[in-house]
Amino acid sequence: MAVLEHKALAYELAFLESHPTPPMKGRHAPPLKAWSGRFQRPTDSLVERFCSSLPFDRRLFEEDIAASIAHCRMLAKQKIISQKDARQIIHGLQIVRQEFRAGTFVAQPTDEDIHMAVERRLYELTGPVAGKLHTARSRNDQIATDLRLFIRRHIAEVDRRLCNLQKALAAAARRELDTVAPGFTHLQPAQPILLSHHLLAYVAMLERDRHRLADQLPRVNILSLGSGALAGTTFPIDRHYVAKLLKFSGISTNSLDAVSDRDFIVEFLAALALIGIHLSRFCEDLILWCSPLFSFVELPEEFATGSSMMPQKKNPDVAELIRGKSGRLVGNLVSLLVTLKALPMAYNRDLQEDKEPLFDSVDAVEASLDVIAPLVRQLRFHRERLREAASMGFTLATELADYLASKGIPFREAHEIVGRIVRYCVERNRRLEELNLSELRKFSPEFDDRVHSWLDPLAAVQRRGAPGGTSRENVIAQLRALNLSTRSEE
Ligand code: ARG
């Protein structure tokens with residue numbers, strides 16, 4: 001994706017080079033408001049502040065200006081405005097972009113949103129020719145376009161970060177191929193597994209997240225510009241040309257839908273929420289594992305925090321914060337869904353409320369992924385402790401039942417027999433592995449001297465050789481099947 005955007009930029013610059021810039025005129029005072037003609041009295045400053053989206057939508061300046069440049073080039077190609085005017089406008093837009101990039105752009109209270117802010121500044125720089133840029137477009141199709149460009153870029157950004165975390169988890173899985181660990185259900189000791197298998201479960205979850213993002217890209221990558229305020233435009237525009245310039249794969253087919261559709265944001269927020277839920281599960285595991293009561297893993301000191309009161313503490317705040325962010329991520333999705341519910345056709349200002357949840361979720365997920373990947377890279381697992389824990393809590397009971405079942409005893413009956421053996425052990429504070437053959441035979445004459453080879457955690461792991469199970473061969477096959485390249489590398 002980054003490569004594509006680079007190409008788009010190179011294309012813009014080549015266009016500018018072949019069209020020498022006319023000298024800049026002096027400063028111009030733009031009309032106070034784009035829509036002031038209809039009004040006699042000025043807007044109350046309270047209303048100005050309340051309605052303005054610039055404090056948050058200013059981060060769309062790259063997208064907004066890129067879309068404006070493409071629109072302007074199209075207007076010139078279609079002879080809707082002159083080449084000369086287009087050159088002046090594009091040069092002005094580049095200066096505005098530079099000001100945003102350098103952080104020197106000065107917002108005015110009258111700037112209702114990013115679109116008006118850019119246009120106001122363009123007018124100051126170029127004079128009345130700036131007013132031609134808005135020919136055959138509306139802020140309604142503009143904002144939809146900006147948002148699509150923004151999400152397209154962040155689909156690639158999030159994908160890259162997911163891939164990076166997958167790589168960190170896969171590297172740990174490769175290192176821990178010999179580490180037997182306890183597997184849980186209901187957070188109760190269940191059966192021994194390979195630690196690698198557990199880590200790769202997260203890689204599989206993240207893989208679905210990446211597919212989900214890739215799946216939505218074709219629905220995001222559609223040009224809305226050219227839909228006007230709601231009904232289309234009377235000007236002979238070339239929407240396919242604009243789509244080509246902005247690397248959209250197609251154009252919207254219904255102007256009413258195009259200006260009011262925010263499904264693509266809902267889908268993106270849903271994907272981000274699910275990533276957050278997945279990360280919260282992984283973080284929960286980390287939080288448990290690094291508790292001294294578990295002692296399965298050592299957090300790197302660089303990624304842990306202390307307590308101001310209790311000197312002994314080494315807290316997993318990073319994992320807790322990521323787990324906590326899942327609440328916001330789900331909230332942001334619900335917030336947009338409720339905003340959209342029962343909105344009349346077509347654009348309504350309610351839609352301005354789509355941005356803050358979107359930005360918040362993007363920031364939360366990208367920041368979480370940025371911090372968790374290096375943390376994973378530095379985790380140190382306590383292999384001995386994991387191995388020891390792998391057979392605690394009678395995790396080998398299923399082996400014993402499988403053993404009897406392999407001798408022809410119906411599994412249900414075998415389960416019942418082993419249940420009684422476990423109770424026998426609980427009452428005497430013994431472990432299954434410690435029982436000698438004569439003790440075992442009191443429960444079933446089917447036990448023979450090979451039974452103890454079944455009561456080994458590693459043997460239990462290795463017996464789970466059916467595809468998808470935790471045997472070493474299966475785990476290695478999972479690692480081999482991974483194709484950890486980012487979408488843009490493919
Ligand atoms: N700031 C607006 C938004 O985010 C842009 C579109 C405004 N359109 C309008 N007709 N006022 O939705």
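Whatever order the structure lists ligands and atoms in, that order sets their numbers, starting from 1.
The backbone N or O of L225 lies less than 3.5 Å from a partner atom in the side chain of R239, making a donor-acceptor pair.
The 4.0 Å heavy-atom shell around ligand 1 contains residues S53, D113, H115, R139, N140, I143, Y347, R349, Q352, K355, ordered by chain and number.
R137 and H134 share a side-chain donor-acceptor pair at under 3.5 Å. Neither side chain, E176 nor H198, offers a donor N or O lying under 3.5 Å from an acceptor on the other. S224 and R148 are linked by a side-chain donor-acceptor pair at a separation below 3.5 angstrom, with hydrogens and angles left out of the test.
For E301, the side-chain contact (heavy atoms from CB on, under 4.5 Å) partners are K314, not counting sequence neighbours.
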Before you tell me yes or no, could you show the steps for D159 and R210 under salt bridge (charged side-chain N to carboxylate O under 4.0 Å, His left out), namely the whole-Å CA-CA distance, both residues' side-chain angles and the distance that decides it to 0.1 Å?
CA-CA 6 Å; D159 180 67; R210 297 182 63 197; 2.7 Å; yes

